[in-house]
Amino acid sequence: MTRSSQQAQVNNHNPELGVYECEVKLKFRLIEENLSACDREALLRTLVDAYAYGSDEYLESLDSKVEIHALGETEASPQMRRQLMRLRNASSTR
C-alpha cells in the first residue's frame, strides 16, 4: 500500500478498514523490446504500465480476472496489523 492510499483511507474516516488478499490475473499480447532481459521487478513494472495505459496498436488485452477476499486480521503480518492499528487510531482522533 502506498503512502497516498494510506492517507486517502485516513482522510475518508473509514471505520471499516480491513485486510484483503487480492489476486489479479492479466493476459495480453504486447509488442516490446527484449522483455526477457529485464529483471523481475522491472518486467512487472513495464507490464503493469503497459496494461494500465490500455489497448492500442502495441497491446492487445485478452483476459483479466480479479479476486478480492477479506482476511481476518490475525492472518496479516505483524507489520500490517500494526499499520492497521495506526490507521484506525489516526481516523478516530480526527
Side-chain angles (χ1 to χ4, degrees):
M1 179 178 280
T2 66
R3 182 162 276 173
S4 61
S5 60
Q6 291 170 353
Q7 275 304 106
Q9 287 181 349
V10 169
N11 292 339
N12 287 337
H13 302 286
N14 186 352
E16 298 299 321
L17 292 173
V19 178
Y20 299 89
E21 183 173 276
C22 306
E23 182 176 349
V24 178
K25 293 182 181 182
L26 304 173
K27 186 174 182 180
F28 54 94
R29 293 188 181 115
L30 176 68
I31 298 173
E32 186 68 42
E33 292 180 16
N34 202 9
L35 284 177
S36 61
C38 295
D39 64 46
R40 182 181 168 92
E41 291 298 316
L43 176 60
L44 183 58
R45 201 170 28 254
T46 299
L47 294 175
V48 169
D49 286 346
Y51 194 81
Y53 185 74
S55 293
D56 59 16
E57 61 269 15
Y58 298 99
L59 183 128
E60 179 182 9
S61 179
L62 301 174
D63 190 28
S64 64
K65 182 178 177 184
V66 177
E67 293 183 22
I68 300 172
H69 303 282
L71 298 178
E73 292 177 22
T74 57
E75 295 180 66
S77 68
Q79 296 87 353
M80 289 190 82
R81 288 194 303 267
R82 283 193 294 274
Q83 183 63 23
L84 187 57
M85 288 188 304
R86 284 186 205 110
L87 290 168
R88 285 182 177 151
N89 289 339
S91 66
S92 67
T93 61
R94 292 180 182 230

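Values in this document were obtained by computation on a predicted structure and should not be read as measured data.
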Colleague: Distance from Asp49 atom CG to Arg45 atom CZ, nearest 0.5 Å?
Modeller: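 Answer for the CG-CZ pair, Asp49 versus Arg45, is 8.0 Å.
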Colleague: Any link between Leu26 and Leu59 through a network of hydrophobic side chains (Ile, Leu, Val, Met, Phe, Trp, Tyr) touching at under 4.5 Å?
Modeller: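 Linked within one cluster.
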Colleague: In Å, rounded to the nearest 0.5 Å, how long is the span from CD1 of Ile31 to CG of Asp56?
Modeller: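 Spacing of CD1 (Ile31) from CG (Asp56) equals 9.0 Å.
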Colleague: Consider only side-chain heavy atoms of I, L, V, M, F, W and Y, link residues closer than 4.5 Å, and tell whether Tyr20 and Val24 are in one cluster.
Modeller: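 In one cluster: yes.
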Colleague: For Arg88 versus Leu17, what's the shortest heavy-atom pair and its separation?
Modeller: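 Heavy atoms of Arg88 and Leu17 come nearest at NH2-O, 2.8 Å.
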Colleague: Could you state the interatomic distance from CD (Glu41) to OG1 (Thr46), rounded to the nearest 0.5 Å?
Modeller: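 Rounded to the nearest 0.5 Å, the CD-OG1 separation comes to 11.0 Å.
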Colleague: Kindly give the heavy-atom pair with the smallest separation between Arg81 and Thr74, and that separation in Å.
Modeller: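 Looks like NH1-O, 3.5 Å.
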Colleague: Does Glu32, at its CD atom, have more than 12 non-hydrogen atoms belonging to other residues, nucleotides or ligands within less than 6.0 Å?
Modeller: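 Above 12, so yes.
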Colleague: At their closest point, which heavy atom of Leu47 faces which heavy atom of Phe28, and how far apart are they?
Modeller: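 The pair with the smallest heavy-atom distance is O-CZ, 3.8 Å.
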Colleague: So does Glu33 have more than 12 non-hydrogen atoms from other groups sitting under 6.0 Å from CD?
Modeller: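 No, not enclosed.
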Colleague: Minimum heavy-atom separation for Ser64 to Tyr51, with atom names?
Modeller: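 Looking at all heavy atoms of both residues, the closest pair is CB-OH, 3.5 Å.
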Colleague: Which atom names give the shortest non-hydrogen contact between Leu84 and Gly18, and what distance separates them?
Modeller: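 Smallest interatomic distance, heavy atoms only, reads CD1-N, 4.1 Å.
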Colleague: Enter the distance from Glu21:CD to Ile68:CD1 here, rounded to the nearest 0.5 Å.
Modeller: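 Those atoms lie 11.0 Å apart.
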Colleague: Applying the 4.5 Å side-chain criterion to the ILVMFWY set and letting contacts propagate, would Leu87 and Leu71 be lumped into a single cluster?
Modeller: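 Yes: a chain of side-chain contacts under 4.5 Å links Leu87 to Leu71.
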Colleague: Which heavy-atom pair separates Ala50 from Leu30 by the least distance, and what is that distance?
Modeller: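 Taking Ala50 first and Leu30 second, the nearest heavy atoms are CB-CD1, 3.9 Å.
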Colleague: How long is the gap from NZ on Lys25 to NZ on Lys27, to the nearest 0.5 Å?
Modeller: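 It comes to 11.5 Å.
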